[in-house]
Amino acid sequence: MRIEHDIKLGFKDVMIRPKRSTLKSRSQVTLEREFNFLNSNSNWKGVPIMAANMDTVGTFEMALELSQHKLFTAIHKHYSIEEWNKFLSEAPDGLEDYIAISTGTGKEDALKLKAVFKSNPKLKFICIDVANGYSEHFAEFVNQTRNQYPDKVIIAGNVVTGEMVEQLILSGADIVKVGIGPGSVCTTRVKTGVGYPQLSAIIECADAAHGLGGQIISDGGCTTPGDVAKAFGAGADFVMLGGMFAGHTESGGELVLRHGEQYKQFYGMSSSTAMDKYVGGVAEYRASEGKTVEVPYKGDVKDTLQDILGGLRSTCTYVGAQRLKELTKRTTFIRVAEQENQVYNS
């Protein structure tokens, strides 16, 4: 046993210090970024914000809307091969640049991935997703997938430390998903005691990935547009959102009426709700590590999107970053004890 004494920080522990700027308006800020991916030797251009691969967020409907704004969706892994084929046969051109097909590491997952690609070879992105990315089996699966699909962009996670980011990139991943426990419907930290404050995880993992020429996704922990900005400021190349994209018209989840108000169901993919739905319940050797909640219905996602992108542009103007790419270079974090005046918060 050992204890690390250096301080680890989450989004709530910091704010971004403003700096002198030559920008006159938020409209001058460019949020699009362009990446060249290390192992697939391909490139991508767009706004690097992603909808999470949860069945109450990463839906086909969400992908259609977000792609119009050049945002990305990691489609959840529970669509059937037939549903994928039908969706892609009707999808607009260029959609393949803004969606990933998600998969686990089982044999059935690999067979399904192969079948979808056989019918839809234009698909470019694979999201290999497990709760714990630290097993040797996971790195081996990433390597096998890279060998089988040498030209596909591979996203792999989740991890929170630099050495495992390096391992996954060396195993063939282009982008590593960073985050254990910060999500709004994740209970891993309280069920297991395991986790890592998200801001520090981003800083450490971005440093490791960029040293090898790879990229990272900050996955989880954002509750406001300001948190999205902090994630980018800390060095994240992409930011993945679950709860902030939940509860919309385009989100999955059942729409329910409570006391005259509309809500949508939102749950973690390790929750008993998800496991009851997809694997016949929680196995006797494990515990549920996710919550099930009802989120007030928010209407169309485009309104939330304007709030997120507008806030991010405003952050850039406060620090003088004309392009999102420049934000991390212009960011100085200050430690704080409070974020906002809550006198009128209910």
Side-chain angles (χ1 to χ4, degrees), residues 30-53 58 63 66-67 69-75 77 93-103 105 110 113-114 116-117 120-130 133 138-159 162-179 201-202 204-219 231-232 234-241 323-329:
T30 301
L31 296 181
E32 284 190 27
R33 288 205 60 182
E34 188 165 0
F35 295 107
N36 295 306
F37 298 122
L38 177 67
N39 289 308
S40 60
N41 196 30
S42 60
N43 58 21
W44 180 85
K45 187 175 182 180
V47 178
I49 294 174
M50 295 179 161
N53 51 308
L66 294 189
S67 66
H69 306 274
K70 299 187 177 180
L71 274 72
F72 199 94
T73 302
I75 305 292
K77 72 175 185 178
D93 291 342
L95 184 70
E96 65 272 7
D97 290 325
Y98 301 103
I99 58 172
I101 176 169
S102 298
T103 180
T105 58
L113 191 65
K114 185 177 181 180
V116 174
F117 275 126
N120 307 281
K122 289 202 301 183
L123 283 171
K124 298 178 181 179
F125 289 81
I126 303 169
C127 179
I128 309 173
D129 184 64
V130 297
F138 183 63
E140 289 166 3
F141 187 86
V142 171
N143 189 243
Q144 291 167 11
T145 307
R146 169 54 63 210
N147 292 335
Q148 190 172 1
Y149 305 103
D151 61 338
K152 304 299 184 185
V153 181
I154 294 178
I155 300 165
N158 282 28
V159 299
E163 80 277 1
M164 204 62 206
V165 169
E166 292 168 346
Q167 175 66 62
L168 293 175
I169 290 172
L170 293 172
S171 297
D174 295 292
I175 314 168
V176 177
K177 200 142 70 78
V178 172
I202 296 166
E204 294 174 33
C205 291
D207 183 60
H210 298 162
L212 292 175
Q215 279 83 31
I216 69 160
I217 299 167
S218 170
D219 176 20
F232 282 122
D237 302 289
F238 295 84
V239 176
M240 180 172 274
L241 304 176
R323 298 181 298 160
L324 182 59
K325 180 181 180 179
E326 299 166 7
L327 180 56
T328 186
K329 297 174 185 176

Between Arg146 (side chain) and Lys152 (backbone), is there a donor-acceptor pair under 3.5 Å?
yes
Residue pair Ala139 / Leu168: nearest heavy atoms and the distance that separates them:
CA-CD2, 4.2 Å
Return the CD to SG distance between Glu163 and Cys205, rounded to the nearest 0.5 Å.
8.5 Å
Between Ala74 and Met240 the two heavy atoms that sit nearest each other are CB-CE, 3.9 Å
Are the charged groups of Asp129 and Lys77 less than 4.0 angstrom apart, N to O?
no
Heavy-atom pair with the smallest gap, counting every atom of Thr73 and Ala63:
OG1-CA, 3.3 Å
Verdict with supporting geometry, Val153 and Ile126, side chain to side chain contact (heavy atoms under 4.5 Å, CB included)
CA-CA 6 Å; Val153 181; Ile126 303 169; over 6 Å; no
Student check: side-chain heavy atoms of Leu241 and Ile49 closer than 4.5 Å
yes
Below 30° counts as parallel, above 60° as perpendicular, anything between as tilted: where do the rings of Phe37 and Phe238 land?
parallel
Measure the NE2-CD1 distance between His210 and Ile216 for me, rounded to the nearest 0.5 Å.
6.0 Å
Side chains of Phe141 and Gln144: closer than 4.5 Å at any heavy-atom pair?
yes
Might you work through the side chain to side chain contact (heavy atoms under 4.5 Å, CB included) test for Asp97 and Lys124, ending with a clear yes or no?
CA-CA 7 Å; Asp97 290 325; Lys124 298 178 181 179; 2.4 Å; yes
From Glu96 CD over to Lys122 NZ, what is the distance, rounded to the nearest 0.5 angstrom?
4.5 Å
Minimum heavy-atom distance Phe232-Pro48, with the two atoms named:
CZ-O, 3.4 Å
When you look at CG of Asn43, are more than 12 heavy atoms from neighbouring residues, nucleotides or ligands closer to it than 6.0 Å?
yes
Audit row: Phe35, Ile175, side chain to side chain contact (heavy atoms under 4.5 Å, CB included) steps and yes/no:
CA-CA 11 Å; Phe35 295 107; Ile175 314 168; over 6 Å; no
Of all heavy-atom pairs between Ile154 and Val142, which one has the smallest distance, and what is that distance?
CD1-O, 4.3 Å
Provide the closest heavy-atom pair for Val165 versus Ala209 in the form atom of the first, atom of the second, distance.
CG1-CB, 3.7 Å
Is Lys329 salt-bridged to Glu326, cutoff N-O under 4.0 Å?
no
Mind checking the OG-CZ spacing from Ser67 to Phe72? Nearest 0.5 Å is all I need.
11.0 Å
Are any side-chain N or O atoms of Asn158 and backbone N or O atoms of Gly179, one a donor and one an acceptor, separated by less than 3.5 Å?
yes
Residue pair Ser218 / Ile202, side-chain heavy-atom distance below 4.5 Å
yes
Drop me the distance from Asn39's CG to Leu212's CG, to the nearest 0.5 angstrom.
9.5 Å
So do Lys45 and Glu32 actually touch side chain to side chain, heavy atoms under 4.5 Å?
yes
Quick one: pull up CG in Asn36 and CG in Asp174 and give me the separation to the nearest 0.5 Å.
11.0 Å
Using a strict cut-off of less than 4.0 Å between a Lys/Arg side-chain nitrogen and an Asp/Glu carboxylate oxygen, indicate whether Asp237 and Lys325 qualify as a salt bridge.
no
Side-chain contact, heavy-atom cut-off 4.5 Å: Ile169 with Met164?
no
Any donor-acceptor pair under 3.5 Å linking the side chain of Ser40 with the backbone of Asp151?
no
Are Tyr98 and Phe125 close enough that their ring centres sit under 6.0 Å apart?
no
Scan Ile101, Ile217, Ile155 and name whichever one has a side chain to side chain contact (heavy atoms under 4.5 Å, CB included) with Cys127.
Ile155
Can you tell if the side chain of Leu324 reaches within under 4.5 Å of the side chain of Thr30, non-hydrogen atoms only?
no
So do Trp44 and Glu34 actually touch side chain to side chain, heavy atoms under 4.5 Å?
no
